[in-house]
Amino acid sequence: MKATLRYLAGIAGPSGFGSNSTAEHVTQNCSQFLPSNLTALITGGTSGIGAETARVLAKRGVRVVIGARDLRKGREVRENIQKESPNAEVILLEIDLSSFCSVQRFCSEFLTLNLPLNILINNAGIFSQDLEFSEEKIEMTFATNYLGHFLLTEILLDKMIETAEKISFEGRIINVSSVIHSWVKRNGFCFTHILNGKNYNGTRAYAQSKLANILHAKEIARQLKARNARVTMNAVHPGIVKTRIINKGLITDSLFFIASKLLKSTSQGASTTCYVALSPKTEGMSGKYFTDCNETKCSGLANDELEAQKLWNNTHALLQKRLHVAAI
């Protein structure tokens with residue numbers, strides 16, 4: 001109840017920010033702490049909170065690489081960013097996160113640019129009311145929201161570690177999750193059933209993918225700590241934002257008018273991602289879950305280290321089998 005009242009009132013938490021804070025507000029003093037030539041890679045940066053995240057990071061002097069499924073939309077976003085910030089460097093690369101081949105090709109193209117990689121924001125996400133499958137015959141929501149980002153992170157992780165060894169700024173990886181992850185119960189989180197879409201329900205599939213995003217962040221954070229790497233990984237809940245995903249079924253049309261009064265704007269929704277990405281206050285924090293720019297509790301299942309390790313092992317084994325490689 002206290003958390004709900006704090007959200008509705010926009011009361012700031014320990015970070016000094018709250019639910020009403022915008023992405024520009026939470027990063028306005030960050031530039032003085034940032035080294036030059038930082039590079040951030042953002043998936044799903046062509047609309048919604050992804051586009052706003054790209055805009056604000058570019059405004060703070062960060063080189064932005066946008067992974068886009070729709071390059072036309074990507075060019076529009078780049079044009080808008082550069083109108084506002086003429087010196088901004090925005091690079092577009094095509095990616096379809098539901099396709100392992102596309103993710104591999106994207107990573108190859110990015111690495112060929114020989115840029116540093118300081119910040120990786122796994123932001124892209126879909127919601128589908130109907131059961132669909134990726135080209136690898138995997139349920140589409142899980143393939144896009146979780147598996148594609150898992151593979152992307154695995155391929156680029158060494159680049160991030162290498163980059164962080166050369167400058168003062170630690171590498172930061174952020175998975176955009178959702179409070180909806182807490183709807184998933186332990187007996188409803190079966191890897192095999194999720195892959196094949198058994199007893200499919202769109203909202204449940206979305207919640208499962210967002211639970212997987214948090215478990216992924218916690219397990220990679222553990223691995224990074226074991227490697228003594230100067231890279232952190234966290235998960236964020238952006239809030240319930242007025243986006244196309246909401247309109248497509250997470251809130252029914254009959255409730256939308258009432259709910260819209262409680263929804264965040266896009267700029268408010270991007271604030272937590274931008275805060276975790278740039279703020280000196282989040283330095284060294286890893287394996288955490290943030291809401292309204294403050295660390296908060298996730299569900300018991302999302303906080304289960306054994307569950308996180310099991311999911312990582314299952315995912316790694318799946319990718320090894322599907323990609324026919326000894327390691328990824």
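Values reported hereafter were calculated over all heavy atoms of this structure, with side chains retained and with hydrogens, waters and symmetry mates removed. Note that the numbering runs from 1 along the sequence shown for the chain.
- Using a cut-off of 4.0 Å between Lys/Arg side-chain N and Asp/Glu carboxylate O, Asp292 and Lys264 are scored as salt-bridged.
- Ring-centre distance between His181 and Tyr289: below the 6.0 Å cut-off.
- Aromatic rings from Phe17 and His25 are positioned such that their centres are separated by under 6.0 Å.
- Cluster membership for Met140 and Tyr200, using ILVMFWY side-chain heavy atoms within less than 4.5 angstrom, is not shared.
- Atom CZ of Arg69 sits in a sparse spot, with 12 or fewer heavy atoms from other residues, nucleotides or ligands closer than 6.0 Å.
- Other residues sharing the hydrophobic cluster of Val56, ordered by chain and number and joined by side-chain separations under 4.5 Å: none, the residue standing alone.
- Between Glu24 and Arg55 there is a salt bridge, since at least one side-chain N of the basic residue sits less than 4.0 Å from a carboxylate O of the acidic one.
- Side-chain contact between Lys288 and Lys218 is absent, with no heavy atoms from C-beta onward closer than 4.5 Å.
- Judged purely by distance below 3.5 Å, without hydrogens or angles, the side chains of Gln223 and Glu219 pair a donor atom with an acceptor atom.
- Judged purely by distance below 3.5 Å, without hydrogens or angles, the side chains of Asp96 and Ser98 pair a donor atom with an acceptor atom.
- Ser209 and Asn145 share a donor-acceptor pair across their side chains, judged by distance under 3.5 Å alone.
- For the residue pair Ser102/Gln104, the side-chain donor-acceptor check at 3.5 Å is not satisfied.
- In this model, a donor atom of one side chain and an acceptor atom of the other lie less than 3.5 Å apart for Arg60 and Thr27.
- Partner His149 forms a side-chain hydrogen bond (donor to acceptor under 3.5 Å, both in side chains) with one of Thr43, Thr144, Asn123 and no other, that one being Thr43.
- Here Arg75 does not pair with Glu79 in a salt bridge; the nearest charged N to carboxylate O distance is not below 4.0 Å.
- Both Leu111 and Ile173 are part of a single hydrophobic cluster, where members link through side-chain heavy atoms under 4.5 Å apart.
- Annotation: side chain of Val64 is not in contact with side chain of Ile91 (no heavy-atom distance under 4.5 Å).
- Closest heavy-atom contact between Ile49 and Pro238: CD1-CB, 3.8 Å.
- Classification of the Tyr146-Phe142 ring pair by plane angle, with boundaries at 30° and 60°, yields tilted.
- Each of Thr282, Asn118, Thr232 was scored for a side-chain hydrogen bond (donor to acceptor under 3.5 Å, both in side chains) with Arg172, with one residue passing: Thr282.
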Q | CA sep, side-chain torsions, deciding dist, call: Asn29, Gln32, side-chain contact (heavy atoms from CB on, under 4.5 Å) | A | CA-CA 6 Å; Asn29 295 321; Gln32 59 186 305; 3.8 Å; yes

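- With sequence neighbours excluded, no residue forms a side chain to side chain contact (heavy atoms under 4.5 Å, CB included) with Asn313.
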